[in-house]
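All remarks here apply to the structure that follows.
All of these numbers come straight from a predicted model, not from anything done at the bench. Keep in mind that the numbers below use all heavy atoms, side chains included, and drop hydrogens, waters and symmetry copies.
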Amino acid sequence: MIKVWNYIKEFENEKEEIYEAITSVLTSGCLVFGKNLENFENEFAKYCDSTRGIGVGNCTDAIFIALKAMDVGPGDEVITVSNTAVPTVAAIHATGATTKFVDINPNNYLMDAGLLEDAISKKTKCIVCVHLYGQCVDMDAVNEIASKHGLLVLEDCAQAHGAKYKGRKAGSLGNVAAFSFYPTKVLGAYGDGGMIVTSDDELADRIERMRFYGMERKKMSSGHWNGKYYSLEHGYNSRLDELHAAILLKKMNHLDDYISRRREIAKEYDKQLEGSTLVLPTEDKDNDHIYYVYVVRHPQRDKIIQELKNKDIHVNISYPWPIHTMKGYESLGYTDGDLPTTEILSSQIFSLPMYPTLEDEEQEYVIKTLKDILRDLK
């Protein structure tokens with residue numbers, strides 16, 4: 001069986017480093033808010049061309065806490081896209097703010113910045129740019145509009161570790177950014193994890209408080225951190241633990257190699273599937289795409305997926321239902337047809353197997369099988 005994603009081979013290759021990291025933490029006497037988290041926060045922020053990193057429990061928390069730290073709440077509107085993972089909108093909803101959707105660019109499936117102006121109202125406070133599938137939104141256009149209207153910009157970088165826009169890293173392109181370390185991500189943990197990244201020290205200080213019940217933490221002579229048990233403001237409990245911070249520190253050493261291999265796999269898909277009836281992904285001229293997923297389109301998607309499954313090739317759809325069409329968010333007042341490009345694409349897209357340890361022979365089998373299926377389609 002060839003899965004759309006598989007971590008087993010990667011773990012086998014890196015298990016000595018992983019076990020070393022785990023043992024180091026378990027024998028250190030510190031499981032939360034220790035040196036591993038501090039080091040990982042610093043290293044990851046630096047990697048993102050930013051100055052501050054704040055580790056949290058997951059990316060949903062990262063978006064939520066970042067928005068709350070920027071005083072986004074009831075009565076505010078936040079603009080984003082509907083072809084994202086539910087957590088993007090769930091985090092906005094949790095602040096009490098209202099989500100407003102804009103449609104996407106049909107070529108890259110990212111937020112269409114040309115539609116932002118018409119979506120802005122007196123209630124709009126923030127734009128959440130989702131760097132979907134591994135490449136960045138047109139951030140110069142977004143930031144120009146945000147500056148004009150006095151809006152905040154949050155990057156949802158859950159799928160964009162190491163992606164670049166005009167030579168600048170995802171995570172350094174707005175006021176604040178949120179990352180996920182969910183296992184499937186380009187930099188993935190063995191469980192949940194997230195990070196908020198910013199170069200705004202005042203905002204970073206507030207985010208650090210808010211992830212820990214609104215308390216200030218102070219470093220003791222032992223080098224460990226200790227809260228004062230005194231909340232300066234209402235906060236939350238969202239912590240990236242020492243085990244995952246230590247593991248992610250080890251895996252960061254391989255991050256650029258992960259990306260290089262993903263781009264190599266994508267290039268082979270591009271080469272072998274060019275001229276087929278599939279619509280292949282595009283890499284914008286201003287972007288360095290890291291191919292978190294390799295998304296293709298076809299009007300007979302469901303039949304293709306079933307035929308691939310019959311041949312033990314399992315693919316994925318990211319995402320089959322736009323959020324504005326979901327019952328859970330019907331209170332937002334959208335109906336079918338409101339975001340036509342988003343809706344059409346959601347019925348046609350699917351992702352081919354993509355992960356660094358995908359073997360050349362496995363990819364060749366996927367490509368050959370897919371070509372055979374496409375040839376036989378009526």
Side-chain angles (χ1 to χ4, degrees), residues 3-50 52-63 65 85 87 134 156-163 169-171 177-197 207-208 211-212 217 219 223-225 237-262 290-293 354-358:
K3 298 180 180 180
V4 72
W5 170 78
N6 193 331
Y7 74 91
I8 299 299
K9 292 177 186 175
E10 180 180 288
F11 171 70
E12 287 295 328
N13 293 339
E14 300 172 9
K15 64 182 179 182
E16 289 187 14
E17 294 175 83
I18 302 302
Y19 288 150
E20 180 185 349
I22 293 171
T23 300
S24 174
V25 171
L26 294 181
T27 58
S28 71
C30 180
L31 301 177
V32 178
F33 285 149
K35 65 179 182 179
N36 289 292
L37 177 60
E38 184 179 357
N39 291 340
F40 179 55
E41 289 173 332
N42 291 336
E43 288 299 314
F44 190 74
K46 182 180 178 181
Y47 181 83
C48 297
D49 297 333
S50 290
R52 298 283 292 275
I54 304 99
V56 293
N58 52 67
C59 191
T60 312
D61 285 357
I63 297 170
I65 292 172
D156 180 344
C157 301
Q159 302 183 3
H161 311 65
K169 289 274 185 70
F179 285 85
S180 171
F181 304 119
Y182 186 74
T184 62
K185 304 306 181 186
V186 177
L187 180 61
Y190 295 103
D192 270 324
M195 181 82 78
I196 302 167
V197 171
I207 290 169
E208 282 196 345
R211 69 149 172 203
F212 186 58
R217 295 187 304 116
K219 185 174 280 190
H224 294 163
W225 292 88
N237 175 24
S238 186
R239 296 172 286 200
L240 180 63
D241 62 70
E242 280 289 287
L243 272 174
H244 279 113
I247 290 169
L248 288 163
L249 262 173
K250 294 288 187 181
K251 296 189 73 175
M252 265 202 73
N253 296 325
H254 304 285
L255 180 51
D256 286 338
D257 290 335
Y258 297 157
I259 293 170
S260 177
R261 175 58 180 156
R262 285 174 178 274
I290 53 105
Y291 293 98
Y292 167 62
V293 283
M354 171 60 77
Y355 46 93
T357 54
L358 182 70

For Cys59 against Asp156, the heavy-atom pair lying closest together
SG-OD1, 4.2 Å
Are a donor atom and an acceptor atom from the side chains of Thr184 and Tyr292 found within less than 3.5 Å of each other?
yes
Is there a side-chain contact between Ile290 and Arg262 in this structure, where contact means two heavy atoms from C-beta onward sitting under 4.5 Å apart?
no
Contact summary for Pro183 and Gly191, nearest pair of heavy atoms:
CD-O, 3.3 Å
Taking CD in Glu16 as the centre, count heavy atoms belonging to other residues, nucleotides or ligands within less than 6.0 Å. Is the count above 12?
no
Is a donor on one side and an acceptor on the other found under 3.5 Å between the side chain of Glu242 and the backbone of Leu37?
yes
Closest heavy-atom pair and its distance - Leu249, Asn36
CD1-O, 3.6 Å
State, to 0.1 Å, how close Lys185 and Gln159 come at their nearest heavy-atom pair, and which atoms those are.
NZ-CG, 4.2 Å
Could you check whether any side-chain N or O of Arg52 sits under 3.5 Å from a backbone N or O of Ala45, counting only pairs where one atom can act as donor and the other as acceptor?
no
Would you confirm whether Ser24, through its side chain, and Ala21, through its main-chain N or O, come within 3.5 Å as a donor-acceptor pair?
no
Inter-residue atom distance Leu187.CG - Phe179.CZ, 0.5 Å rounding:
10.0 Å
State which residue, out of Arg239, Arg211, Lys46, fulfils the salt bridge (charged side-chain N to carboxylate O under 4.0 Å, His left out) condition with Glu41.
Arg211
Starting at OH of Tyr182, measure out to CG of Asp192 and round the result to the nearest 0.5 Å.
7.0 Å
Please determine whether the number of non-hydrogen atoms from other residues, nucleotides or ligands lying under 6.0 Å from atom OH of Tyr47 exceeds 12.
yes
Of all heavy-atom pairs linking Cys48 and Ala170, the shortest is CB-O, 3.8 Å
Name the orientation class of the two ring planes belonging to Phe40 and Phe44 (parallel below 30°, tilted from 30 to 60°, perpendicular beyond 60°).
tilted
Working to the nearest 0.5 angstrom, can you tell me the gap between Cys30 SG and Lys35 NZ?
9.5 Å
Counting C-beta onward and ignoring hydrogens, is there a side-chain heavy-atom pair between Leu358 and Lys9 closer than 4.5 Å?
no
When rounded to the nearest 0.5 Å, the distance separating CG of Leu255 from CD1 of Ile259 is 4.5 Å
Does any donor atom in the side chain of Glu10 or His254 lie under 3.5 Å from an acceptor atom in the other side chain?
no
Counting only heavy atoms not in Tyr258, do more than 12 fall under 6.0 Å of its OH?
yes
Measure across Ser238 and Asp61 and return the closest heavy-atom pair with its distance rounded to 0.1 Å.
OG-OD2, 2.6 Å
